[in-house]
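Here is the structure we will look at.
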Amino acid sequence: MKKKSKKGKILIVSAPSGAGKTSICDAIVKKDVNTVCSVSATTRPPRVGETNGIEYFFISESKFKAMAKDKKFAEWAEVFGNFYGTPKSFLNKTLKSGKNVLLDIDVQGGINIKKQYPEACMIFIMTPDIKTLEKRLRTRNKDSDKVIKQRLSNAKKEISYLPEYEYLVINDELEKAVESVMIIIKSLEYKIKKTK
Ligand code: 5GP
């Protein structure tokens with residue numbers, strides 16, 4: 001009998017803004033000691049309450065471009081006019097240590113990672129429908145009407161990438177959505193065949 005592989009798994013988690021992806025990812029890493037979140041680098045300025053090195057590494061555009069040129073990112077993309085990148089060294093080091101890495105990244109990033117790491121598991125999170133997404137964006141009171149409209153139009157584009165993903169988790173109730181993602185993670189441990 002072949003020994004169980006010790007390498008960690010990559011979990012790509014994408015979702016339209018407001019679908020609750022960050023809350024789900026936070027809950028997963030609290031529940032599962034074998035899964036950690038990757039901290040991306042971004043050129044977007046920190047929001048109130050965000051700390052450098054926790055939510056993101058907040059860096060200048062020139063530093064970002066230099067890192068991209070030096071191939072320090074496993075993938076990078078421009079999202080809503082800012083650059084975001086997944087640091088390659090953390091990802092590879094963590095996978096080698098046997099831990100799973102959750103990547104909270106957009107659809108472009110997800111597809112890019114999947115090309116390089118075909119065994120990565122792709123999970124898409126969505127609210128039950130667009131109306132619920134709009135309601136969530138409006139009640140969280142973070143964005144102006146113009147930004148909400150932009151996010152909704154972007155959400156429709158992101159949803160069109162759904163066929164690229166392997167799992168769809170509907171975030172109707174946070175607890176249930178977290179449980180569904182946990183089941184997916186657990187099932188990966190028993191997987192025999194690699195995904196193409
Ligand atoms: P926010 O600025 O609201 O935290 O994130 C905006 C979008 O950028 C989200 O969809 C988030 O998943 C995505 N994002 C965050 N980090 C990365 C990254 O390293 N790469 C890519 N491609 N997208 C990212």
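Start at 1 and go down the list; that is how both ligands and their atoms are numbered. Everything quoted here is computed from the prediction, not taken from an experiment.
Ordered by chain and residue number, the residues placing a heavy atom less than 4.0 Å from ligand 1 are K21, S40, R44, R47, Y56, E75, A77, V79, Y84, G85, T86, D104, I105, D106, G109.
Panel note: side chain E166, backbone M122; a donor-acceptor pair is recorded below 3.5 Å. No donor-acceptor distance shorter than 3.5 angstrom exists from the side chain of T132 to the backbone of P128, with no hydrogens or angles considered.
For the salt bridge (Lys or Arg N to Asp or Glu O under 4.0 Å) condition, the pairs that include at least one residue of residues 19-43, sequence neighbours left out, are K21-D104.
Between E61 and T43, the side chains place no donor N or O within less than 3.5 Å of an acceptor N or O (distance only, hydrogens not considered).
Not a single ring pair (Phe, Tyr, Trp, His ring centres under 6.0 Å) links Y167 to another residue, sequence neighbours left out. Every residue meeting the side chain to side chain contact (heavy atoms under 4.5 Å, CB included) condition with K156, not counting sequence neighbours, appears here in chain and number order: I130.
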